[in-house]
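Numbers restart at 1 for each chain; the letters A, B, ... are given by sequence-line order, proteins then strands.
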2 protein chains.
Amino acid sequence: MTRASPFRQRGSMRGQSLAERVYATLKQMIFDFELLPGDYFSEAEVAERTGASRTPVREALHRLRREGYVEVHFRSGWQVVPFDFDVFEQLYDVRIVLECAAVERLCAMSEPPPMLQALRDIWCVPGQARSFDPAMAEQDKAFHTALVTASGNQEMARIHRDVSERIHIIRRLDFTQATRIEATYDEHAVILEALARRRTAHAQQLLSAHIALSRNEVRKITLHMLHEARSRHAQGPPEA
Amino acid sequence: MTRASPFRQRGSMRGQSLAERVYATLKQMIFDFELLPGDYFSEAEVAERTGASRTPVREALHRLRREGYVEVHFRSGWQVVPFDFDVFEQLYDVRIVLECAAVERLCAMSEPPPMLQALRDIWCVPGQARSFDPAMAEQDKAFHTALVTASGNQEMARIHRDVSERIHIIRRLDFTQATRIEATYDEHAVILEALARRRTAHAQQLLSAHIALSRNEVRKITLHMLHEARSRHAQGPPEA
DNA sequence: ATATATCGACTTGTATACAAGACGGTATTG
DNA sequence: CAATACCGTCTTGTATACAAGTCGATATAT
């Protein structure tokens, strides 16, 4: 079988391996609903699509499997893990636990980290200065990730990053409504206020409510979006 | 190259793949200090030792890499990640955060889960009924894992299990002293008491102190044990 | 003697060949 | 016609071949 669209780098690899790029490509396809939850596909299909051989494809797939995005059926192909809202809600709750712990540490610090002011510059702004582009989801993710990273425990930050990445696929859907974006700005602002004043319990309560609200909103939207995606793309799995 | 000691199953694989067994074997070797932190080794060596080819070996190694046990140097071999006590302490702190969150949920439940009584049967026993075998570390791990699992959030339980597994290599060292085993029994007992009486804050405080104590004890012991291991095994990496 | 250039053994990354089981369609048998 | 056995196709798991780069030892030049 000849390589289809060999997006291999010339010379050699420039920092990232072929397996890593296949990994990123596949995850992007899942996030873009180009591969729908429940879809079946084979390693050979992915190899042909990406222009790589099965070896790096398998490495990428097994990594995605460990991370919960796909699963393998013994000698019967791969499948995008179907949505399980219970799992997503549990992951939201993990976020609440980790981020509240981060808040406790942040408030206990002798001096507030400079990162806090940087966040205030972004989020504590009047209505006309607010951004509404589709990259809002990334900014929101960056906000919460920054809180945990600044708390000082890098292992906790790594775990939190993985959890955030995992629910990013549905969290994005929360930023398609203008009212939800407004609410995000408002809530981030008051959280940062409470943090600046070292009101630990208050900040934790605001943060918990903020995440829980997002969790509940997303559940409603996801079903709708999934339905739309199923209509746009035909039912054929990876061959768009 | 012919297979050395092919511990491959006859017929076919009975549930677990070759890659998984190589993974388990390597992790065991690391836990047994047969592969010491800092040791260098190659895929070919592991393949010869385990009787598998490089393919499943690579899969096992990359999984261990994702989990933080080994790292790969581009075309220069693999290395057991050297001990980093800062990382271990951070992981201990993650355990405190997760297990305290579990306690909060357990105390908030309308009725205590039956697992609580099972744990009391094990840990709330008089001195002569206590076990002192080397499997204590596993029992201790099971205690803490059970708390988080019983709290209901399975994703949190999975993360907690990974963290516990990661620090298990040094946590075992805490159970080589009889006084530490005694303390573990005592502390588990009072934690279970507080849980049964739904004293949330008290149980959290006891649990935090219990984990923090273990964290501090282990740091002291680890250096000693590492020194001993280095003396027993020669300096040659995997070829014992 | 010392510094440098070159070469070769060894490493991982990737591609391909082979093995063994799953699954569905088809032919066969009642 | 219905049920069943069989066989070919397709799948992943594993082994091996090839590619490209690293690193140290050795020889050479200054």
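Atom C1' of nucleotide D:dA15 and atom CZ of A:R54 are separated by 12 Å, given to the nearest angstrom. Between the C1' atom of C:dC23 and the OH atom of A:Y40 lies a distance of 13 Å, rounded to the nearest Å. The distance between atom NE2 of A:H73 and atom C1' of D:dG13, rounded to the nearest whole Å, is 16 Å. A:E43 places its CD atom 15 Å from the P atom of C:dT14, with the value rounded to the nearest Å. Atom CZ of A:F74 and atom P of D:dT12 are 11 Å apart (whole Å). The nearest whole Å value for the distance from the CZ atom in A:F41 to the C1' atom in D:dT12 is 12 Å. In this structure, CD of A:E48 is placed 13 Å from P of C:dT16, rounded to the nearest angstrom. The interatomic distance linking B:L18 (CG) with C:dA19 (P) rounds to 16 Å, in whole Å.
OP1 or OP2 of D:dA15 lies within a sub-4.0 Å distance of a side-chain N or O belonging to B:S53. OP1 or OP2 of D:dT12 sits under 4.0 Å from a side-chain N or O of A:W78.
Donor-acceptor pairing under 3.5 Å, judged by distance alone, is present between the side chain of A:R75 and the base of D:dT12.
Taken residue by residue, residues 56-66 of chain A places heavy atoms nearer than 4.0 Å to DNA chain D at A:R58, A:H62.
Listed by chain and residue number, A:E99 satisfy the side chain to side chain donor-acceptor pair (under 3.5 Å) test with A:H160 (two or more places apart in sequence, or in another chain). For A:R65, there are no salt bridge (Lys or Arg N to Asp or Glu O under 4.0 Å) partners at least two apart in sequence or on another chain. Every residue meeting the side chain to side chain donor-acceptor pair (under 3.5 Å) condition with A:Q28, not counting sequence neighbours, appears here in chain and number order: A:D32. With sequence neighbours excluded, the residues that form a salt bridge (Lys or Arg N to Asp or Glu O under 4.0 Å) with B:E89 are B:R219. Taking the salt bridge (Lys or Arg N to Asp or Glu O under 4.0 Å) definition, one finds that B:E104 meets it with nothing, sequence neighbours left out. Every residue two or more places apart in sequence or in another chain that forms a side chain to side chain donor-acceptor pair (under 3.5 Å) with B:K27 is listed here: B:Y23, B:E165. Evaluation of the salt bridge (Lys or Arg N to Asp or Glu O under 4.0 Å) rule for B:R215 yields B:D93 as partners, not counting sequence neighbours.
The side chain of B:A19 approaches D:dT14 more closely than any other nucleotide in the set D:dG13, D:dT16, D:dT14. When distances are taken from the side chain of B:S42 to each of D:dG21, C:dT11, D:dT14, the shortest belongs to C:dT11.
Residue contacts for A:T55: at a heavy-atom cut-off of 4.0 Å it reaches a base atom on one of the strands shown.
Side-chain atoms of B:E43 and B:W78, non-hydrogen and from C-beta on, do get closer than 4.5 Å to each other.
Salt-bridge check for A:R58 with B:E59: passed, with a basic side-chain N closer than 4.0 Å to an acidic carboxylate O.
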Distances under 3.5 Å between nitrogen or oxygen atoms of protein and nucleotides 5-8 of chain C:
none

